[in-house]
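In this text the structure is predicted, and so the values were computed from the model without any measurement. What you see below is based on every heavy atom in this structure, not just the backbone, and it leaves out hydrogens, waters and symmetry mates.
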Amino acid sequence: PLEIQTPDILIIESTNGYGGDELLYCRDIQERIMFEILDNVLMKGESILLPSYTLGRAQEMLAIVARHSSSNPGLPYDIVIDGLAAQATRVWEGMRFQHETPKIFLDLIKKIQAKLIRGDESTCDREEFIHKQIQNPPKVIIASSGALKQGSTSYEYARKMDKKNIIRTGYFESEWDSADITSLPSEIEAQLTNESKKLRFSAHATMEELFRFVINLRPKYTLLIHGEPNKNVNKSVTILDLLQAMARPDFKVKTSHDKEVIK
């Protein structure tokens with residue numbers, strides 16, 4: 001909103017303003033990294049797991065993998081969509097909502113129909129279906145939950161798969177001291193902390209984008225919400241640090257954790 005000149009108060013999210021360095025990667029770079037990992041794993045005849053959020057992220061990962069598959073016909077592999085993500089994808093594809101679904105997504109899904117395996121079409125129980133997919137590589141498996149919640153479909157795949165072949169595709173609660181995170185076996189957690197397997201594909205702005213937005217508007221007072229320091233990441237500079245370094249009487253910044261009233 002460049003027509004707005006010097007607002008009195010700017011309230012802005014800061015989700016990626018405190019995370020690790022992987023949050024600095026732009027989307028193109030993250031996709032290139034993912035494609036390199038996919039190529040490496042699939043060429044060895046192995047399968048790879050992409051734990052994904054049910055709504056939005058799973059369909060985004062499906063589109064990205066579909067594009068990779070279409071561009072690499074010499075690298076044959078099946079694509080599995082499982083868990084609640086499979087049912088949610090049906091909604092995206094349904095006739096009732098097709099006018100709201102991006103055409104590029106529908107076109108990509110059509111290209112991979114022959115190699116797309118849907119968990120919600122299976123007539124066997126979940127454990128049998130998961131076992132069958134793992135025993136017949138190579139496959140790219142997209143399953144919810146994205147946080148590998150205990151008891152979720154992605155968790156069951158992770159327990160049975162090569163832990164090196166798991167790519168996290170979003171926010172992962174074990175990094176944020178959540179009491180509700182699944183108790184992953186130590187060998188899974190060790191692999192998930194490997195930097196090359198951290199691809200956030202975040203829908204939030206990067207720290208640089210947040211900083212530029214604030215600086216362009218030059219608000220008198222900036223309130224950062226929906227973001228907090230990650231206790232498990234040693235990051236020397238945060239969005240709060242950058243903005244506080246520029247603080248002056250006509251340019252102040254606070255977080256939602258501060259108790260001071262905006263004056």
Side-chain angles (χ1 to χ4, degrees), residues 1-34 36 51-57 59-61 63-64 102 145-148 167-181 189 192-263:
L2 297 180
E3 69 278 3
I4 300 176
Q5 299 298 321
T6 315
D8 294 317
I9 300 174
L10 171 66
I11 302 174
I12 187 172
E13 64 104 349
S14 55
T15 309
N16 288 344
Y18 299 90
D21 291 336
E22 73 274 7
L23 297 182
L24 299 177
Y25 299 159
C26 69
R27 178 54 59 90
D28 288 344
I29 292 177
Q30 292 199 62
E31 288 191 16
R32 269 183 272 159
I33 293 173
M34 173 175 276
E36 288 179 6
S52 303
Y53 309 139
T54 297
L55 292 172
R57 188 59 49 81
Q59 292 75 37
E60 184 177 9
M61 291 300 102
I64 290 174
S145 79
L148 287 173
I167 300 179
R168 190 184 53 193
T169 65
Y171 172 84
F172 203 76
E173 293 182 12
S174 65
E175 293 186 338
W176 300 79
D177 295 336
S178 170
D180 192 34
I181 186 61
E189 186 64 26
L192 290 175
T193 57
N194 185 316
E195 287 298 325
S196 67
K197 300 298 187 292
K198 292 182 180 180
L199 297 174
R200 296 297 183 87
F201 291 98
S202 179
H204 295 275
T206 64
M207 184 169 68
E208 179 183 356
E209 290 169 333
L210 292 168
F211 181 72
R212 287 182 177 179
F213 188 83
V214 175
I215 295 305
N216 285 338
L217 284 183
R218 302 296 298 184
K220 296 176 182 177
Y221 208 113
T222 299
L223 179 61
L224 301 175
I225 65 170
H226 203 277
E228 58 183 291
N230 183 338
K231 298 177 183 178
N232 295 318
V233 174
N234 181 19
K235 191 166 182 64
S236 58
V237 179
T238 69
I239 183 64
L240 182 60
D241 296 329
L242 290 174
L243 294 175
Q244 284 183 333
M246 302 180 63
R248 55 181 62 90
D250 61 343
F251 183 79
K252 300 178 182 179
V253 59
K254 292 290 181 181
T255 72
S256 56
H257 302 287
D258 294 324
K259 296 181 180 180
E260 177 185 331
V261 177
I262 296 177
K263 299 178 181 179

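In this structure, CZ in Phe213 is found 10.0 Å from OG1 in Thr222, a value given to the nearest 0.5 Å. The distance from atom OG1 of Thr255 to atom CG of Leu223, rounded to the nearest 0.5 Å, is 7.5 Å. Taken from CD1 in Ile33 to CD1 in Ile167, the straight-line distance is 10.0 Å, to the nearest 0.5 Å. For the atom pair NZ of Lys254 and CD of Gln244, the computed distance is 7.0 Å after rounding to the nearest 0.5 Å. Atom CG in Asp241 sits 8.0 Å away from atom OH in Tyr18 (nearest 0.5 Å).
Without hydrogens or angle criteria, Thr169 side chain to Pro51 main chain gives a donor-acceptor distance under 3.5 Å. The main-chain N or O of Thr54 is found under 3.5 Å from a side-chain atom of Gln59 such that the two form a donor-acceptor pair. A distance-only check finds a donor-acceptor pair linking the side chain of Thr15 to the backbone of His226 [under 3.5 Å].
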Worksheet item: Stepwise, does the side-chain contact (heavy atoms from CB on, under 4.5 Å) test hold for Met207 with Asn16?
Response: CA-CA 6 Å; Met207 184 169 68; Asn16 288 344; 5.8 Å; no
Practice prompt. Kindly indicate, with the supporting measurements, whether the criterion side-chain contact (heavy atoms from CB on, under 4.5 Å) is fulfilled by Tyr221 and Asp8.
Written response: CA-CA 6 Å; Tyr221 208 113; Asp8 294 317; over 6 Å; no
Discussion item. Could you walk me through whether Leu224 and Ile12 satisfy the side-chain contact (heavy atoms from CB on, under 4.5 Å) test, starting with their C-alpha distance in whole Å, then the side-chain angles of each, then the deciding distance to 0.1 Å, before giving a yes or no?
Written reply: CA-CA 5 Å; Leu224 301 175; Ile12 187 172; 3.6 Å; yes
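For Arg212, the side chain to side chain donor-acceptor pair (under 3.5 Å) test picks out Glu208, with sequence neighbours left out.
Smallest separation of non-hydrogen atoms from Phe201 and Glu60: O-OE1, 4.5 Å. The heavy-atom pair separating Met246 from Phe251 by the smallest distance is O-CD2, 3.5 Å. Heavy-atom minimum distance, Ser14 versus Gly227: OG-CA, 3.6 Å. Taking all atoms of both residues into account, the shortest heavy-atom contact from Met61 to Ser52 is CG-OG, 3.5 Å.
The local environment of CD1 in Ile11 is sparse, with at most 12 non-hydrogen atoms from other residues, nucleotides or ligands closer than 6.0 Å.
Ion pairing of Asp250 with Lys220 is absent here, as no side-chain N (NZ or NE/NH1/NH2) approaches a carboxylate O to less than 4.0 Å.
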